[in-house]
Amino acid sequence: MELTWYGHGCFRMTERGVLAVVTDPYSPSVGLGELPKLKADVVTISRDEPRYNYVSAVTPAQRGEVYKVTGPGEYEIGGVFIIGSAMRAEKKGNALKSTAYAFNFDGLTVAHLGGLSFVPSQSQIDALETVDVLLVPIGGNGELTPAQASELISMIEPSIVIPMGYNSKDNLNKFLKEMGLTSVKPQETLKVTRSSLPEDTQVVLLEMKH
C-alpha cells in the first residue's frame, strides 16, 4: 500500500491492482493552497466543512463516478473494506462530531481520524479494531492537540503513526517531543506491507505534495 500526503487531512492511498482512496480533500477557500487534481475511486469525508469536504478536487480514477463516503457505516468497495465510526463528544452543550475511517487493504488496516477534536472513549476506539497505520491530527485549531494525539496513540498502539493537520513546525515539534523524539526525516511517500510493519510504534513524517 502506498500513501501520499497533500496537506491537512488529505491523503491518497493506493494498492496495486486495487482502488485508490482520497481522504478529506480541502477547499482553496480555507487558505491551505489549492489541491492538484486527484484521481480516485473513493473519497471519504470526516466532517461536512470546507477543510474536509471539497470533493470537486477528486476526479474518477476509472470510468464512472467517484464513490463518496460521508459518514458512519460499513462499506466494501472494489475489494477494500471501509468502516466509518461516529466520533461524538459533548462539550458545553454542543455535540462535537466527526467520522473516523478504517481502511482494510488486503489485511493492512489504515485508520484516518479526520477532523477529530477530542480523545474518544475506549469503546469508540475499539470500533476501529486493530490499527496498523494511524493518520492523526496534531494541530489543534478545532482538532487534536499534540498532547491529545500522543495520549490517543498510546491507547490505540498502532505500528506506524503519521501526523497530519498541522500548519506550523511548532506544533510538529511539540508532537515529536510528546512522542519522545527530537527529529524525524520526512519522506515523499510511505510504502508499507503487512510484513514490513515495525514491532514498536514508529512515527513517519510525510512531505506535503503539491
Side-chain angles (χ1 to χ4, degrees), residues 1-24 44 46 74 76 79-85 87 99-116 118-139 143-166 169 171-209:
M1 197 272 297
E2 184 171 345
L3 214 156
T4 307
W5 185 46
Y6 291 89
H8 200 61
C10 185
F11 291 84
R12 185 172 185 267
M13 294 179 270
T14 57
E15 174 74 28
R16 189 176 299 174
V18 191
L19 83 178
V21 177
V22 167
T23 62
D24 284 0
T44 60
S46 69
E74 295 186 8
E76 182 184 356
V80 174
F81 294 91
I82 302 173
I83 297 174
S85 298
M87 298 289 165
T99 305
Y101 294 99
F103 306 88
N104 190 299
F105 289 88
D106 194 24
L108 184 82
T109 299
V110 181
H112 183 278
L113 299 184
L116 187 64
F118 62 95
V119 177
S121 66
Q122 189 64 52
S123 62
Q124 288 175 312
I125 290 170
D126 290 345
L128 297 172
E129 301 182 356
T130 302
V131 175
D132 298 312
V133 181
L134 181 66
L135 313 178
V136 58
I138 64 165
E143 297 181 349
L144 295 178
T145 64
Q148 288 175 316
S150 176
E151 178 185 349
L152 184 52
I153 289 163
S154 68
M155 296 168 72
I156 295 177
E157 298 182 333
S159 296
I160 294 174
V161 174
I162 300 178
M164 63 180 185
Y166 60 92
K169 285 192 174 180
N171 279 329
L172 177 58
N173 290 335
K174 286 179 181 176
F175 172 72
L176 293 177
K177 187 176 180 180
E178 290 279 353
M179 296 297 293
L181 301 168
T182 51
S183 65
V184 177
K185 185 178 180 181
Q187 55 193 62
E188 285 189 16
T189 60
L190 173 69
K191 294 181 181 179
V192 63
T193 61
R194 182 89 199 154
S195 60
S196 70
L197 291 170
E199 288 187 14
D200 298 321
T201 298
Q202 177 184 343
V203 174
V204 172
L205 297 186
L206 292 183
E207 296 173 357
M208 178 176 158
K209 188 168 183 180

Q | For the student: nearest non-hydrogen atoms of Phe105 and Leu19, plus distance | A | CE2-O, 4.2 Å
Q: Output the distance between atom CG (Leu135) and atom CG (Leu116), rounded to the nearest 0.5 Å.
A: 12.5 Å
(Q) Once salt bridge (charged side-chain N to carboxylate O under 4.0 Å, His left out) is applied, what residue pairs with a partner in residues 172-188 remain, sequence neighbours excluded? (A) Asp170-Lys174
Q) Can you list the residues that meet the side chain to side chain donor-acceptor pair (under 3.5 Å) rule with Ser195, with sequence neighbours excluded? A) Thr193
Q.
If I compare all heavy atoms of Leu190 with all of Leu206, which pair ends up nearest, and what's the gap?
A. N-CD2, 3.8 Å
Q. side-chain contact (heavy atoms from CB on, under 4.5 Å) with Gln148: which residues, sequence neighbours excluded?
A. Val119, Leu144, Thr145
Q: Name all residues meeting the side-chain contact (heavy atoms from CB on, under 4.5 Å) criterion together with Ser85; count only those two or more places apart in sequence or in a different chain, and write none if there are none.
A: Ile83, Met87, Ala127, Leu128
Q) Which distance, rounded to the nearest 0.5 Å, do you find between the OG1 of Thr201 and the CD1 of Ile160? A) 9.5 Å
Q | Value rounded to 0.5 Å, distance of CG in Asn104 from CZ in Phe81 | A | 7.0 Å
Q. Among all residues two or more places apart in sequence or in another chain, which pass the side-chain contact (heavy atoms from CB on, under 4.5 Å) test with Gln202?
A. Pro198, Val204
Q | Asp132: side chain to side chain donor-acceptor pair (under 3.5 Å) partners, not counting sequence neighbours | A | Arg194
Q: For residues Leu3 and Met1, report the shortest heavy-atom separation together with the two atoms involved.
A: CD1-CE, 3.9 Å
Q. Taking atom CE of Met13 and atom CZ of Phe103, what is their separation to the nearest 0.5 Å?
A. 4.0 Å
Q.
For Thr182, give me all partners under side chain to side chain donor-acceptor pair (under 3.5 Å), at least two apart in sequence or on another chain.
A. none
Q. Is Ser150 reaching over with its side chain to a backbone N or O of Met179, donor-acceptor style, under 3.5 angstrom?
A. no
Q) Which residues satisfy the side-chain contact (heavy atoms from CB on, under 4.5 Å) test with Gln122, sequence neighbours excluded? A) Ile125, Asp126, Met155
Q.
Please report the interatomic distance CG(Leu134) to CD1(Ile162), rounded to the nearest 0.5 Å.
A. 9.0 Å
**Q.** Atom of Glu143, atom of Pro137 and distance for their closest heavy-atom approach
**A.** OE1-CB, 3.3 Å
Q: Of all the heavy-atom pairs spanning Cys10 and Trp5, show the shortest one and how long it is.
A: O-CD1, 3.3 Å
Q: Dump the intermediate steps for side chain to side chain contact (heavy atoms under 4.5 Å, CB included) on Thr109 and Val133, then the final yes or no.
A: CA-CA 6 Å; Thr109 299; Val133 181; over 6 Å; no
Q) Rounded to the nearest 0.5 Å, how far apart are CE of Met164 and CG of Leu205? A) 14.0 Å
Q: List the atom of Gly84, the atom of Tyr101, and the distance in Å for their closest heavy-atom pair.
A: CA-CD2, 3.6 Å
Q: With sequence neighbours excluded, give me every side chain to side chain donor-acceptor pair (under 3.5 Å) pair touching residues 10-24.
A: Thr23-His112, Asp24-Ser46
